[in-house]
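Shown next, in C-alpha coordinates, is the structure this report addresses.
By convention in this document, chain letters (A, B, ...) are assigned in the order of the sequence lines, proteins followed by strands, and residues within each chain are numbered from 1.
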Number of protein chains: 2
Amino acid sequence: MSNSKPTESELEILQILWEHGPVPVRFVHEILATQKAVGYTTTLKLMQIMAEKGLVNRDTTNRTHIYVAAISEEQTQQQLLDKFVEGTFRGSAMKLVMQALGNNTASKEELDQIKALIQKIENEE
Amino acid sequence: MSNSKPTESELEILQILWEHGPVPVRFVHEILATQKAVGYTTTLKLMQIMAEKGLVNRDTTNRTHIYVAAISEEQTQQQLLDKFVEGTFRGSAMKLVMQALGNNTASKEELDQIKALIQKIENEE
DNA sequence: TTGGATATACGAAAGTCTTCGTATATATTT
DNA sequence: AAATATATACGAAGACTTTCGTATATCCAA
(Lines give C-alpha, C1' and ligand atoms only; values in the text may rest on other atoms or scores of the structure.)
Protein backbone atom coordinates (compact mmCIF):
# COMPACT_ATOMS: atom_id res chain seq x y z
CA MET A 1 0.00 0.00 0.00
CA SER A 2 1.48 3.28 -1.13
CA ASN A 3 1.53 6.13 1.30
CA SER A 4 2.42 9.04 -0.91
CA LYS A 5 -0.37 11.40 -1.79
CA PRO A 6 -0.74 11.98 -5.51
CA THR A 7 -0.44 15.52 -6.81
CA GLU A 8 -3.13 17.08 -8.94
CA SER A 9 -1.46 16.07 -12.19
CA GLU A 10 -0.79 12.60 -10.93
CA LEU A 11 -4.41 12.26 -9.96
CA GLU A 12 -5.49 13.09 -13.50
CA ILE A 13 -3.34 10.27 -14.76
CA LEU A 14 -4.58 7.88 -12.10
CA GLN A 15 -8.16 8.62 -13.11
CA ILE A 16 -7.35 7.48 -16.64
CA LEU A 17 -5.52 4.37 -15.43
CA TRP A 18 -8.38 3.46 -13.11
CA GLU A 19 -10.88 3.76 -15.91
CA HIS A 20 -8.92 2.03 -18.65
CA GLY A 21 -6.76 -0.51 -16.92
CA PRO A 22 -3.23 -1.31 -18.12
CA VAL A 23 -2.34 0.99 -20.99
CA PRO A 24 0.75 2.52 -22.61
CA VAL A 25 1.89 6.09 -22.04
CA ARG A 26 0.65 7.14 -25.46
CA PHE A 27 -2.87 6.09 -24.55
CA VAL A 28 -2.89 8.06 -21.34
CA HIS A 29 -1.40 11.03 -23.08
CA GLU A 30 -4.00 11.17 -25.79
CA ILE A 31 -6.83 11.31 -23.29
CA LEU A 32 -4.96 13.86 -21.22
CA ALA A 33 -4.35 15.98 -24.29
CA THR A 34 -8.08 16.32 -24.85
CA GLN A 35 -8.35 17.83 -21.37
CA LYS A 36 -5.44 20.22 -21.50
CA ALA A 37 -2.47 21.27 -23.59
CA VAL A 38 0.47 19.09 -22.64
CA GLY A 39 3.47 17.57 -24.38
CA TYR A 40 4.01 13.85 -24.70
CA THR A 41 7.27 13.82 -22.78
CA THR A 42 5.58 15.68 -19.96
CA THR A 43 3.07 12.89 -19.56
CA LEU A 44 5.84 10.34 -19.87
CA LYS A 45 7.97 12.02 -17.23
CA LEU A 46 5.07 12.26 -14.84
CA MET A 47 4.32 8.59 -15.20
CA GLN A 48 7.97 7.70 -14.70
CA ILE A 49 7.98 9.72 -11.49
CA MET A 50 4.78 8.00 -10.41
CA ALA A 51 6.48 4.66 -10.98
CA GLU A 52 9.35 5.74 -8.73
CA LYS A 53 6.87 6.82 -6.07
CA GLY A 54 5.03 3.54 -6.29
CA LEU A 55 1.78 5.11 -7.47
CA VAL A 56 1.83 2.98 -10.60
CA ASN A 57 3.38 -0.27 -11.74
CA ARG A 58 4.72 -0.88 -15.20
CA ASP A 59 5.63 -3.75 -17.40
CA THR A 60 8.88 -2.93 -19.17
CA THR A 61 9.19 -6.21 -20.99
CA ASN A 62 8.51 -4.65 -24.34
CA ARG A 63 9.68 -1.39 -25.79
CA THR A 64 6.29 0.14 -25.14
CA HIS A 65 5.87 0.07 -21.37
CA ILE A 66 2.45 -0.75 -19.99
CA TYR A 67 1.28 1.15 -16.94
CA VAL A 68 -1.31 0.29 -14.34
CA ALA A 69 -2.42 2.04 -11.14
CA ALA A 70 -0.75 0.64 -8.03
CA ILE A 71 -3.29 2.06 -5.61
CA SER A 72 -7.02 1.54 -5.70
CA GLU A 73 -9.43 4.29 -6.56
CA GLU A 74 -11.46 3.76 -3.41
CA GLN A 75 -8.45 3.76 -1.12
CA THR A 76 -7.13 6.92 -2.70
CA GLN A 77 -10.47 8.67 -2.60
CA GLN A 78 -10.88 7.84 1.07
CA GLN A 79 -7.38 9.05 1.84
CA LEU A 80 -7.87 12.31 -0.02
CA LEU A 81 -11.32 12.72 1.45
CA ASP A 82 -9.99 12.43 4.99
CA LYS A 83 -7.34 15.02 4.30
CA PHE A 84 -9.82 17.31 2.61
CA VAL A 85 -12.36 17.10 5.42
CA GLU A 86 -9.65 17.83 7.90
CA GLY A 87 -8.15 20.73 6.00
CA THR A 88 -11.22 22.39 4.64
CA PHE A 89 -14.04 21.45 7.00
CA ARG A 90 -12.00 21.22 10.18
CA GLY A 91 -12.73 17.53 10.48
CA SER A 92 -16.48 17.73 10.19
CA ALA A 93 -17.51 15.25 7.53
CA MET A 94 -21.11 16.07 8.19
CA LYS A 95 -20.57 19.70 7.37
CA LEU A 96 -19.11 18.61 4.07
CA VAL A 97 -22.03 16.31 3.37
CA MET A 98 -24.50 19.06 4.09
CA GLN A 99 -22.72 21.46 1.80
CA ALA A 100 -22.35 18.91 -0.97
CA LEU A 101 -26.01 17.97 -0.71
CA GLY A 102 -27.17 21.55 -0.59
CA ASN A 103 -25.32 22.76 -3.62
CA ASN A 104 -25.68 20.02 -6.15
CA THR A 105 -28.64 18.70 -8.00
CA ALA A 106 -29.16 15.21 -6.73
CA SER A 107 -31.46 12.91 -8.61
CA LYS A 108 -34.31 11.12 -6.88
CA GLU A 109 -32.42 7.87 -7.20
CA GLU A 110 -29.37 9.30 -5.55
CA LEU A 111 -31.37 10.77 -2.69
CA ASP A 112 -33.02 7.39 -2.24
CA GLN A 113 -29.60 5.78 -2.13
CA ILE A 114 -28.51 8.17 0.58
CA LYS A 115 -31.68 7.60 2.57
CA ALA A 116 -31.11 3.90 2.35
CA LEU A 117 -27.56 4.32 3.57
CA ILE A 118 -28.69 6.43 6.51
CA GLN A 119 -31.30 3.80 7.30
CA LYS A 120 -28.59 1.17 7.32
CA ILE A 121 -26.34 3.22 9.58
CA GLU A 122 -29.18 3.84 12.01
CA ASN A 123 -30.02 0.16 12.17
CA GLU A 124 -26.49 -0.82 12.96
CA GLU A 125 -26.45 1.00 16.27
CA MET B 1 -14.31 38.39 -4.17
CA SER B 2 -10.89 36.81 -4.48
CA ASN B 3 -10.33 34.24 -7.15
CA SER B 4 -7.05 32.73 -6.10
CA LYS B 5 -7.18 29.34 -4.48
CA PRO B 6 -5.42 29.20 -1.11
CA THR B 7 -2.57 26.77 -0.70
CA GLU B 8 -2.54 24.25 2.12
CA SER B 9 -0.55 26.49 4.43
CA GLU B 10 -2.67 29.47 3.59
CA LEU B 11 -5.76 27.47 4.39
CA GLU B 12 -4.43 26.68 7.84
CA ILE B 13 -4.05 30.37 8.48
CA LEU B 14 -7.47 31.15 7.08
CA GLN B 15 -9.00 28.59 9.44
CA ILE B 16 -7.57 30.48 12.36
CA LEU B 17 -8.68 33.85 11.02
CA TRP B 18 -12.19 32.55 10.39
CA GLU B 19 -12.44 31.24 13.90
CA HIS B 20 -10.90 34.14 15.77
CA GLY B 21 -11.69 37.18 13.68
CA PRO B 22 -9.25 40.10 13.36
CA VAL B 23 -6.01 39.20 15.13
CA PRO B 24 -2.32 40.03 14.96
CA VAL B 25 0.29 37.79 13.33
CA ARG B 26 1.58 36.72 16.73
CA PHE B 27 -1.83 35.34 17.65
CA VAL B 28 -2.10 33.30 14.48
CA HIS B 29 1.42 32.08 14.86
CA GLU B 30 0.93 30.82 18.38
CA ILE B 31 -2.01 28.67 17.37
CA LEU B 32 -0.18 27.47 14.29
CA ALA B 33 2.86 26.58 16.39
CA THR B 34 0.75 24.18 18.46
CA GLN B 35 -0.07 22.33 15.26
CA LYS B 36 3.36 22.16 13.67
CA ALA B 37 6.91 23.40 14.04
CA VAL B 38 7.19 26.73 12.33
CA GLY B 39 9.12 29.97 12.82
CA TYR B 40 7.45 33.28 13.49
CA THR B 41 8.79 34.96 10.37
CA THR B 42 7.48 32.09 8.29
CA THR B 43 3.98 32.76 9.50
CA LEU B 44 4.49 36.47 9.00
CA LYS B 45 5.74 36.03 5.45
CA LEU B 46 2.85 33.77 4.55
CA MET B 47 0.35 36.29 5.82
CA GLN B 48 2.09 39.07 3.93
CA ILE B 49 1.85 37.03 0.75
CA MET B 50 -1.80 36.34 1.48
CA ALA B 51 -2.34 40.08 1.81
CA GLU B 52 -0.78 40.59 -1.60
CA LYS B 53 -3.01 37.91 -3.08
CA GLY B 54 -6.08 39.46 -1.52
CA LEU B 55 -6.84 36.47 0.67
CA VAL B 56 -6.66 38.61 3.79
CA ASN B 57 -6.99 42.27 4.64
CA ARG B 58 -4.93 44.03 7.23
CA ASP B 59 -5.01 47.16 9.27
CA THR B 60 -1.54 48.67 9.26
CA THR B 61 -2.44 51.71 11.29
CA ASN B 62 -0.51 50.56 14.30
CA ARG B 63 2.84 48.88 14.56
CA THR B 64 1.15 45.56 15.18
CA HIS B 65 -0.83 44.83 12.03
CA ILE B 66 -4.24 43.27 12.44
CA TYR B 67 -5.28 40.62 9.92
CA VAL B 68 -8.70 39.41 8.89
CA ALA B 69 -9.86 36.92 6.25
CA ALA B 70 -10.91 38.59 3.02
CA ILE B 71 -12.88 35.61 1.74
CA SER B 72 -15.70 33.86 3.54
CA GLU B 73 -15.35 30.37 4.93
CA GLU B 74 -18.47 29.17 3.14
CA GLN B 75 -17.44 30.57 -0.22
CA THR B 76 -14.00 29.05 0.08
CA GLN B 77 -15.31 25.69 1.21
CA GLN B 78 -17.72 25.56 -1.70
CA GLN B 79 -14.99 26.51 -4.15
CA LEU B 80 -12.60 23.90 -2.81
CA LEU B 81 -15.36 21.34 -2.60
CA ASP B 82 -16.23 21.79 -6.26
CA LYS B 83 -12.64 21.35 -7.26
CA PHE B 84 -12.24 18.35 -5.02
CA VAL B 85 -15.35 16.60 -6.29
CA GLU B 86 -14.23 17.21 -9.83
CA GLY B 87 -10.68 16.04 -9.29
CA THR B 88 -11.18 13.13 -6.95
CA PHE B 89 -14.71 11.89 -7.60
CA ARG B 90 -14.89 12.75 -11.27
CA GLY B 91 -17.64 15.25 -10.63
CA SER B 92 -19.97 12.96 -8.71
CA ALA B 93 -20.88 14.81 -5.52
CA MET B 94 -23.16 11.96 -4.55
CA LYS B 95 -20.32 9.49 -4.65
CA LEU B 96 -18.45 11.74 -2.27
CA VAL B 97 -21.45 12.02 0.04
CA MET B 98 -21.87 8.28 0.13
CA GLN B 99 -18.25 7.73 0.94
CA ALA B 100 -18.19 10.44 3.60
CA LEU B 101 -21.33 9.03 5.19
CA GLY B 102 -20.12 5.48 5.06
CA ASN B 103 -16.79 6.03 6.67
CA ASN B 104 -17.44 8.42 9.48
CA THR B 105 -19.36 8.08 12.67
CA ALA B 106 -22.31 10.38 12.34
CA SER B 107 -24.35 11.16 15.42
CA LYS B 108 -28.09 10.68 15.47
CA GLU B 109 -28.54 14.42 15.39
CA GLU B 110 -26.40 14.79 12.33
CA LEU B 111 -28.21 12.01 10.51
CA ASP B 112 -31.49 13.70 11.39
CA GLN B 113 -30.16 16.93 9.99
CA ILE B 114 -29.27 15.25 6.75
CA LYS B 115 -32.65 13.56 6.53
CA ALA B 116 -34.32 16.90 7.05
CA LEU B 117 -32.23 18.41 4.31
CA ILE B 118 -33.11 15.61 1.92
CA GLN B 119 -36.75 16.09 2.80
CA LYS B 120 -36.44 19.74 1.96
CA ILE B 121 -34.75 19.06 -1.36
CA GLU B 122 -37.44 16.53 -2.31
CA ASN B 123 -40.22 18.96 -1.51
CA GLU B 124 -38.75 21.64 -3.64
CA GLU B 125 -39.12 19.70 -6.87
C1' DT C 1 17.87 56.95 28.19
C1' DT C 2 19.61 52.90 27.17
C1' DG C 3 19.12 47.88 26.49
C1' DG C 4 16.10 44.23 25.47
C1' DA C 5 11.89 42.55 23.47
C1' DT C 6 9.07 42.58 19.55
C1' DA C 7 7.22 44.37 15.11
C1' DT C 8 7.52 44.41 9.90
C1' DA C 9 10.21 44.20 5.52
C1' DC C 10 13.13 42.00 2.51
C1' DG C 11 15.77 38.62 0.18
C1' DA C 12 17.00 34.38 -0.80
C1' DA C 13 17.53 29.34 -0.18
C1' DA C 14 15.37 24.86 -0.37
C1' DG C 15 11.71 21.92 -1.71
C1' DT C 16 8.19 20.38 -4.86
C1' DC C 17 5.71 20.27 -9.14
C1' DT C 18 5.36 20.84 -13.95
C1' DT C 19 7.15 21.22 -18.38
C1' DC C 20 9.78 20.06 -22.30
C1' DG C 21 14.13 19.69 -25.28
C1' DT C 22 17.49 16.51 -26.58
C1' DA C 23 19.79 12.07 -26.85
C1' DT C 24 19.46 7.43 -27.87
C1' DA C 25 17.42 3.07 -29.03
C1' DT C 26 14.07 0.46 -31.54
C1' DA C 27 10.54 -0.43 -34.81
C1' DT C 28 8.41 0.37 -39.33
C1' DT C 29 7.96 1.69 -43.99
C1' DT C 30 9.44 2.44 -48.56
C1' DA D 1 19.12 -0.64 -46.32
C1' DA D 2 17.92 4.00 -45.51
C1' DA D 3 14.67 7.14 -43.94
C1' DT D 4 11.01 7.93 -40.92
C1' DA D 5 8.33 7.34 -36.86
C1' DT D 6 8.05 6.32 -32.11
C1' DA D 7 9.69 4.71 -27.51
C1' DT D 8 12.21 5.66 -23.14
C1' DA D 9 15.81 8.16 -20.43
C1' DC D 10 17.80 12.12 -18.77
C1' DG D 11 18.63 16.73 -17.43
C1' DA D 12 17.33 20.99 -16.48
C1' DA D 13 14.52 25.22 -16.53
C1' DG D 14 10.57 27.73 -14.64
C1' DA D 15 6.85 28.33 -11.47
C1' DC D 16 5.14 28.03 -7.04
C1' DT D 17 5.42 27.13 -2.06
C1' DT D 18 7.57 27.09 2.20
C1' DT D 19 11.08 28.40 5.26
C1' DC D 20 13.92 31.40 7.81
C1' DG D 21 17.96 34.72 8.60
C1' DT D 22 18.98 39.44 8.80
C1' DA D 23 18.04 44.35 8.77
C1' DT D 24 15.56 47.99 10.61
C1' DA D 25 12.10 50.36 13.33
C1' DT D 26 9.41 50.82 17.47
C1' DC D 27 7.93 50.01 22.09
C1' DC D 28 8.77 49.24 26.96
C1' DA D 29 11.01 48.60 31.24
C1' DA D 30 14.82 49.30 34.45
Between [N] ([atom2]) and [X] ([atom1]): distance, integer Å:
| X | N | atom1 | atom2 | result |
| --- | --- | --- | --- | --- |
| Q48(B) | dA23(D) | CD | P | 17 Å |
| N62(B) | dT26(D) | CG | P | 13 Å |
| L55(B) | dT17(D) | CG | P | 10 Å |
| R58(A) | dA7(D) | CZ | C1' | 12 Å |
| H65(B) | dC10(C) | NE2 | P | 10 Å |
| M47(B) | dC10(C) | CE | P | 17 Å |
| L14(B) | dT17(D) | CG | C1' | 15 Å |
| Y40(A) | dT8(D) | OH | C1' | 7 Å |

query: Could you walk me through whether V38(A) and H29(A) pass the side chain to side chain contact (heavy atoms under 4.5 Å, CB included) check?
result: CA-CA 8 Å; V38(A) 63; H29(A) 173 66; 3.8 Å; yes
Any salt bridge between [X] and [Y], counting N to O under 4.0 Å?
| X | Y | value |
| --- | --- | --- |
| K5(B) | E8(A) | yes |
| K115(A) | E122(B) | yes |
| E110(A) | K95(B) | no |

Under 3.5 Å, which N/O atoms of the protein pair with N/O atoms of nucleotides 26-30 of chain C?
unit_1  : atom_1 : unit_2 : atom_2 : d
dT26(C) : O2     : R63(A) : NH1    : 3.4

statement: Interatomic distance, OG1@T76(A) vs CD@Q78(A), rounded to 0.5 Å, equals 10.5 Å
task: Apply side chain to side chain contact (heavy atoms under 4.5 Å, CB included) to I114(B) and I118(A), showing your working.
output: CA-CA 9 Å; I114(B) 293 170; I118(A) 291 178; 3.6 Å; yes
Between the protein and nucleotides 15-19 of chain C, list every N/O to N/O distance that falls short of 3.5 Å.
unit_1  : atom_1 : unit_2 : atom_2 : d
dT18(C) : OP1    : S9(A)  : OG     : 3.1
dT18(C) : OP2    : T7(A)  : OG1    : 2.7
dT18(C) : O5'    : S9(A)  : OG     : 3.4

field: Parallel, tilted or perpendicular: ring planes of F27(B) versus H20(B), cut at 30 and 60 degrees
entry: perpendicular
task: Evaluate the criterion side chain to side chain contact (heavy atoms under 4.5 Å, CB included) for residue pair V56(A) and M47(A); output intermediate values, then yes/no.
output: CA-CA 8 Å; V56(A) 298; M47(A) 294 179 72; 5.5 Å; no
task: Under the side chain to side chain contact (heavy atoms under 4.5 Å, CB included) rule, what do I49(A) and E10(A) come out as? Steps first, then yes or no, please.
output: CA-CA 9 Å; I49(A) 291 173; E10(A) 288 169 348; 4.2 Å; yes
query: Would you say dT6(D) has OP1 or OP2 under 4.0 Å from some side-chain N or O of R26(A)?
result: no
